[in-house]
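Scroll down for the structure; my scribbles are underneath it.
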Amino acid sequence: MKIELGIPKGTRDFGPEQVAKRHYIMNHIREVFELFGYEPIETPAMELLSVLTGKYGEEGDQLLFRVLNSGDFLKDVSQEDIAKGAAHLANVICEKGLRYDLTVPFARYVVMHQHELAFPFKRYQMQPVWRGDSPQKGRYREFYQCDADVVGTDSLLCEAEIVLMITEVFRRLGIEDYTIKINHRELLRAMSEWIGAAGQEQALCVAIDKLDKIGQEGVVRELQERGFAQHQIEQLLPLFEVNGTYAEVLKHFAEQMKELASAKKAIEDLQAIQSLLEEASGQPLNTFPLMLDPTLARGLSYYTGAIFEVKVNNVAIGSVSGGGRYDNLTGTFGKEGLTGVGFSFGLDRLYDVMEALDLFPKDTRAGVDVMLVHFDAESRKGVLPLLQRLRGAGIKAELYPQADKIKKQMKYANKKGTPWVLLAGSEELQRQSVQLKNMHTGEQVEIAVDEVVGFLKQKLYNR
RNA sequence: GAGGUUGUAGCUCAGUUGGUUAGAGCGCCAGAUUGUGGCUCUGGAGGUCGCGGGUUCGAAUCCCGUCUUCCUCCCCA
């Protein structure tokens, strides 16, 4: 019987080469997170739907993958439930779902473990998340987020350090041309108040967020469709023509909206972030690729303060990182008064960016340094002690396991990109020596068994 | 959720207005080279043309459905 092979839509397999590259990115991110004092945690792939729902806005809830209850999931279903439709029924027969991001599970974790934690609590987390939207470029149904959050402090130093972490990770990865966009939810609120549309900032955000995609005319049309009056739109438009440096944009808004409390809060925060960033780094703000973008909105509904998004320039992939401050995410889990801020790298998009810009080093693959070829049972036995000596010395080594022809063994090593091959037949073993062949250059030397470790160490580490 | 696109050998793709036995390159296997990969030469294996139905004497080709791929919108990492 032949079964149909495949993997679910929007998921992918990763081969050794891809995994090596993914680890390369994750290792750099991990190092930077730890450098800034964040500690790792992990949480389950599944969360209770009661934890997940209602945190991501309406759209987000629809993109949740639900997990069917085990056993007889129909036993408590009534005709009434069925009549109420699929959306209702899903809540009856599913009580678990795959996590949609790492921030909400983190908030849940903090509340559940609050007595064990030292606040401010700084954690990082690199795990897959799942979203049920249709796959396309840079968009997957299963992808990894590399998330760093701190809860229990409203210090804007955290925001400044997020900028520092982003720039440090990008520096290490070799990504040079990128933009960190920053905005503030209160500034968006101020804008909606300013045009007399208080409470409609959600609709406003969705429309103006598209400015760079559909242009000003498109945004006007979008705003009209969403029920904004002509005079409101006209009042709004000049705000987006403001461009210039972070400080200039900030100054513009400070002058325009000084009488609004919401604007005041946003402006104070953004100014504080600027000076903290300058003080922490010892560099003026213009050395950072930071842009104050009043049209940046971000859909996740739990953000309340500064929001971030990072875009790599000249690569057609969506944002590779995003985040922001959320004032009361733990409140819904019963722990009031905890404010948090965090951000996340999208590993898979970073991977796509690195690939597009050809930024991966050539030797990320985790193969062995040397493969031992054997000729027969006798020579295999003779070479086995050497295998362990190599490994003992920290040299990655393997012995081709079965009795195939030399040609086939060599081919195997070549295909895996193994840089060195060690051959030892009865003649060499009798002389207490082996043949070492460099697979890149084709050069081969005969060398005493006792000198192999030293020789390879020198060749491998003194390049 | 809306629109478009793709599917033929392991991979990348040809395949004419529907017409004999569906092709190429790369890869794979074997040999040239019985203790040496990568280059070269020779030979070989490998396909239910995504799946289901329909039109036709005849379908990879036309029609319908379905799944899948990739892309755009929405939204996001």
Side-chain angles (χ1 to χ4, degrees), chain A residues 2 4-12 25 29 56-63 99-103 126-147 166 202 205-207 209-210 213-214 218 222 225-226 296-301 303 307-312 316-324 342-353 371 373-376 378-379 400 404-429 434-444 446:
Chain A
K2 193 176 172 182
E4 197 183 329
L5 293 181
I7 54 176
K9 188 199 265 249
T11 65
R12 291 142 315 141
I25 297 173
I29 293 174
Y56 308 109
E58 236 177 273
E59 290 263 353
D61 282 356
Q62 284 171 1
L63 299 180
R99 63 170 165 245
Y100 181 90
D101 72 356
L102 299 177
T103 308
M126 305 199 289
Q127 290 189 280
V129 303
W130 293 268
R131 295 182 188 177
D133 56 0
S134 60
Q136 51 183 282
K137 195 185 185 81
R139 170 167 308 193
Y140 309 99
R141 285 187 155 180
E142 178 184 55
F143 62 96
Y144 268 68
Q145 289 193 331
C146 306
D147 210 283
I166 292 169
Q202 201 73 25
C205 290
V206 171
D209 190 45
K210 295 182 208 163
K213 275 185 195 158
I214 57 179
E222 183 95 18
E225 281 165 19
R226 288 175 186 271
L296 174 66
R298 297 191 55 74
L300 295 179
S301 52
Y303 291 126
I307 47 182
F308 307 92
E309 197 161 285
V310 184
K311 174 88 182 65
V312 177
I317 288 168
S319 56
V320 294
S321 178
F343 76 114
S344 188
F345 288 108
L347 174 68
D348 306 77
R349 284 187 177 176
L350 272 178
Y351 182 102
D352 292 343
V353 164
M371 189 186 91
V373 164
H374 65 276
F375 298 82
D376 46 42
E378 190 74 11
S379 83
Y400 190 88
D404 283 324
K405 290 184 200 167
I406 307 304
K407 189 185 177 81
K408 188 157 181 183
Q409 301 186 41
M410 297 290 288
K411 231 175 163 134
Y412 178 78
N414 185 58
K415 199 166 179 176
K416 295 211 325 183
T418 306
W420 291 90
V421 163
L422 184 151
L423 307 98
S426 50
E427 293 168 30
E428 285 87 355
L429 287 173
V434 298
Q435 303 283 345
L436 260 182
K437 178 159 184 167
N438 181 313
M439 296 295 277
H440 300 309
T441 64
E443 284 166 36
Q444 182 170 321
E446 181 160 348

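Sequence lines set the chain letters: A, B, ... in the order given, protein chains first and strands last, and positions in each chain run from 1.
- Residue-level contact check: A/Gly60 touches neither bases nor backbone, having no heavy atom under 4.0 Å from any strand.
- The base of B/G38 lies outside donor-acceptor range of the side chain of A/Asn414, with no N or O pair under 3.5 Å.
- In the set B/C71, B/C75, B/U36, B/U36 carries the atom at the smallest distance from any side-chain atom of A/Met410.
- For A/Lys437, the listed nucleotide lying nearest its side chain is B/U36; candidates were B/C73, B/U36, B/C74.
- Judged purely by atom type and a 3.5 angstrom limit, A/Arg99 uses its side chain to pair as donor or acceptor with the backbone of A/Pro128.
- Residue A/Gln145 is classed as a sugar-phosphate contact, given heavy-atom separations below 4.0 Å to backbone atoms only.
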(request) Indicate for each nucleotide in nucleotides 28-35 of chain B, in 5' to 3' sequence, whether protein heavy atoms under 4.0 Å reach the base (B), only the sugar-phosphate (S), or nothing (-). (result) S--S---B

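- A 6.0 Å sphere centred on CD of A/Glu378 holds no more than 12 heavy atoms belonging to other residues, nucleotides or ligands.
- Relative ring orientation between A/Tyr56 and A/Tyr100 is described as tilted, the plane-to-plane angle lying within the 30° to 60° band.
- A residue-by-residue look at A/Arg139 and A/Lys9 shows that A/Lys9 has its nearest nucleotide of RNA chain B further toward the 5' end.
- Annotation: of the two residues near RNA chain B, A/Val320 and A/Met439, the 5′-most nearest-nucleotide partner is A/Met439.
- Listed by chain and number, the residues in a salt bridge (charged side-chain N to carboxylate O under 4.0 Å, His left out) with A/Lys411 amount to none (sequence neighbours excluded).
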